[in-house]
Amino acid sequence: MIKNVALAEYHVALGAKMVPFAGFNMPVQYSGINDEHETVRTAVGVFDVSHMGEFILKGDKAMELIQKISSNDVSKLYDGKIQYAYMPNETGGIVDDFLTYRIDEHTYLLVVNASNIEKDWNWISKYNTYDVEMKNISNKTSLFAVQGPKASEALQSLTDIELADMAYYTFKKGTFAGVDNVLISATGYTGAGGFEIYVANADAKKIWDAIFKVGEAYGIKPIGLGARDTLRLEMGFCLYGNDIDENTSPFAAGLGWVTKFTSDFVNSENLKAEKERGSAQKLVGFEMLERGIPRHNYEIVDVEGNKIGHVTSGTQSPTLKKSIGLGYVEKAFAKEGTDIYISIRNQSVKAIVKNPPFIK
């Protein structure tokens, strides 16, 4: 059974092409991926990402529970601060990557990937021996990502919160477009700057309309999942299910920076041993030197045609006007500047390893 976000019918009326994504009927594009991509890079665009999952964890030991299931050190958070992490599974892979928002000492908001809402809920519940109160508010919450260099200027008239002063990975709660208790955060998945607006479904239409009204002078447009993918790929951001999954080593995926062994967490002993040992593979970025678009699961080969890895994500970069991708390769081929080849329709097409972000 496919689900709809609160404004699904509205997106259809706006001319969006809708596709099933992570169990939801979602807008993939409106005016076209390249146009939408350019809008976010140069002005301001709005993504309806209400398919994402939100859990509230509350109680004296809420932090201990999150510390148990998170790779990162949750004790470093303070009120209004956000942290990126992953949930390790028991076999060396990744349950999901997620964000933790500290609302206060005993209250946290966890934001998880849409395709993993039920799985993550069950996983956290399994480790909840701390009597922490858990609430899944995913179905009641709408989430709009307003992204682009003109985002803070466009939105400022809707709130008293000084948007331009908000540091990266922080959030505030306040009145937005006349609606109380709206959570505004500064994280982003595009590298273009901007904010996420969390609001109750009942207020979603009012907020969406207000954003578009004030954004009109800034060339604001609705943006679909297609441009979200090209934007995140230009930054080298991972997408769960493509670049990381239940079988992915977090160290191979470059997630060592959010793996903190300051306390025990799920599978921490084995991960510590893997860190010391090193991973056989590494997730790298690459640029195509010859024509061809790298697709998920295409083989990566060496000059002799021997398989050395596989592509996890690939696209034609609208900004660079060339094809880029992410993929796992054997460690010997992971150095920036190394020639690799992508197997496209039985042809070895030349590429070069390049450290993301692809655009500075």
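Computed from a predicted structure; not experimentally measured.
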Discussion item. Looking at every non-hydrogen atom in both residues, tell me the closest pair between Ile69 and Phe98 and how far apart they are.
Written reply: CD1-CZ, 4.1 Å
Item to complete: Nearest 0.5 Å please: distance from the CD atom of Glu234 over to the CD1 atom of Ile324.
Response: 5.5 Å
Discussion item. Taking atom CG as the centre, does Asn306 end up with more than 12 heavy-atom neighbours from other residues, nucleotides or ligands that are less than 6.0 angstrom away?
Written reply: yes
Fill in: Side-chain touch Asn139/Lys3, heavy atoms, less than 4.5 angstrom
yes
Discussion item. If hydrophobic clusters are built from ILVMFWY residues whose side chains come within less than 4.5 Å, do Val111 and Ile56 share one?
Written reply: yes
Practice prompt. Give a yes-or-no answer on whether the side chains of Asn34 and Gln316 include a donor-acceptor pair shorter than 3.5 Å.
Written response: no
Discussion item. Quick check on the hydrophobic clustering: are Met87 and Tyr101 connected, directly or via other members, by side-chain heavy-atom contacts under 4.5 Å?
Written reply: no
Discussion item. Could you tell me if Lys205 sits above the aromatic ring of Tyr10, with its cationic atom closer than 6.0 Å to the ring centre and no more than 45 degrees from the axis?
Written reply: yes
Worksheet entry | Salt bridge flag under 4.0 Å for residues Glu36 and Lys221 | no
Discussion item. Run Ile220 and Ile211 through side chain to side chain contact (heavy atoms under 4.5 Å, CB included) and show every step you take.
Written reply: CA-CA 9 Å; Ile220 201 165; Ile211 290 169; 3.7 Å; yes
Worksheet entry | Distance-only polar pair, side chains of Ser185 and Glu196, donor-acceptor under 3.5 Å | yes
Worksheet, complete the sentence: Residues Ala85 and Asn72: closest non-hydrogen pair is CB-CB, 3.7 Å
Fill in: Step-by-step side-chain hydrogen bond (donor to acceptor under 3.5 Å, both in side chains) determination, Thr100 to Gln83
CA-CA 5 Å; Thr100 301; Gln83 186 179 74; 5.1 Å; no
Fill in: Distance, nearest 0.5 Å, that separates CD of Gln156 from CG of Leu163
4.5 Å
Worksheet item: Taking only residues two or more places apart in sequence, or in another chain, which ones meet Lys206 in a side-chain contact (heavy atoms from CB on, under 4.5 Å)?
Response: Val179
Worksheet item: For the residue pair Ser279 and Phe251, what are the closest heavy atoms and their distance?
Response: OG-CB, 3.4 Å
Worksheet item: Any side-chain heavy atom of Phe144 within less than 4.5 Å of one from Trp208?
Response: yes
Discussion item. Could you tell me if Asn113 and Asn116 have a donor-acceptor pair between their side chains, going purely by distance under 3.5 Å?
Written reply: no
Fill in: Close side-chain approach of Phe176 and Asp160, heavy atoms under 4.5 Å
no
Discussion item. Please determine whether the number of non-hydrogen atoms from other residues, nucleotides or ligands lying under 6.0 Å from atom CD of Glu246 exceeds 12.
Written reply: yes
Worksheet, complete the sentence: The complete set of ring-ring contact (aromatic ring centres under 6.0 Å, His included) pairs with one or both residues in residues 263-310, sequence neighbours excluded, reads Phe261-Phe265, His310-Tyr328
Item to complete: For Pro88 and Trp123, work out which heavy atoms get closest and say how close.
Response: O-CZ2, 3.4 Å
Fill in: Short side-chain donor-acceptor distance under 3.5 Å, Asn122 and Ser125
no
Worksheet, complete the sentence: When Leu283, Ile94, Thr312 are each screened for side-chain contact (heavy atoms from CB on, under 4.5 Å) with Cys238, the one that passes is Leu283
Practice prompt. Taking all non-hydrogen atoms of both residues into account, name the closest pair between Ile184 and Met166 and its distance.
Written response: O-CE, 3.3 Å
Worksheet item: Side-chain contact, heavy-atom cut-off 4.5 Å: Leu57 with Tyr130?
Response: no
Worksheet entry | Whether over 12 other heavy atoms sit under 6.0 Å from Lys260 NZ | yes
Discussion item. I need the His37 NE2 to Thr230 OG1 distance, nearest 0.5 Å.
Written reply: 4.5 Å
Item to complete: State, yes or no, whether a side-chain contact exists between Lys331 and Gln281 at a heavy-atom distance under 4.5 Å.
Response: no
Practice prompt. Indicate yes or no: at least one non-hydrogen side-chain atom of Arg232 is less than 4.5 angstrom from one of Asp243.
Written response: yes
Worksheet, complete the sentence: Rounded to the nearest 0.5 angstrom, the CD1-CG distance for Ile359 and Leu231 is 8.0 Å
Worksheet item: Just how far is it from atom NE2 of His51 to atom OG1 of Thr141, taken to the nearest 0.5 Å?
Response: 14.0 Å
Discussion item. With a 6.0 Å cut-off (strictly less than), is the heavy-atom count around NZ of Lys61, excluding the residue itself, greater than 12?
Written reply: no
Worksheet item: Going only through I, L, V, M, F, W and Y residues with side-chain contacts under 4.5 Å, is there a path from Leu239 to Val28?
Response: no
Discussion item. Hydrophobic clustering (ILVMFWY, side-chain heavy atoms < 4.5 Å, transitive) - are Trp257 and Tyr240 grouped together?
Written reply: yes
Fill in: Co-membership, hydrophobic cluster, residues Phe212 and Leu14, 4.5 Å side-chain
yes
Discussion item. Show the nearest heavy-atom pair for residues Lys350 and Glu290, with the distance to one decimal.
Written reply: N-OE1, 3.1 Å
Worksheet entry | Option from Ile300, Thr338, Leu326, Val353 for which side-chain contact (heavy atoms from CB on, under 4.5 Å) with Val284 holds | Val353
Worksheet item: About how many Å separate OG of Ser50 and NZ of Lys140, when rounded to the nearest 0.5 Å?
Response: 15.5 Å
Worksheet item: Does CD belonging to Glu90 count more than 12 external heavy atoms closer than 6.0 Å?
Response: yes
Worksheet item: What orientation do Phe237 and Tyr189 show, parallel under 30°, tilted 30 to 60°, or perpendicular over 60°?
Response: parallel
Worksheet item: So, do Glu54 and Leu110 sit near enough that their side-chain heavy atoms are less than 4.5 Å apart?
Response: no
Worksheet item: Under 4.5 Å between any side-chain heavy atoms of Leu109 and Phe55, yes or no?
Response: no
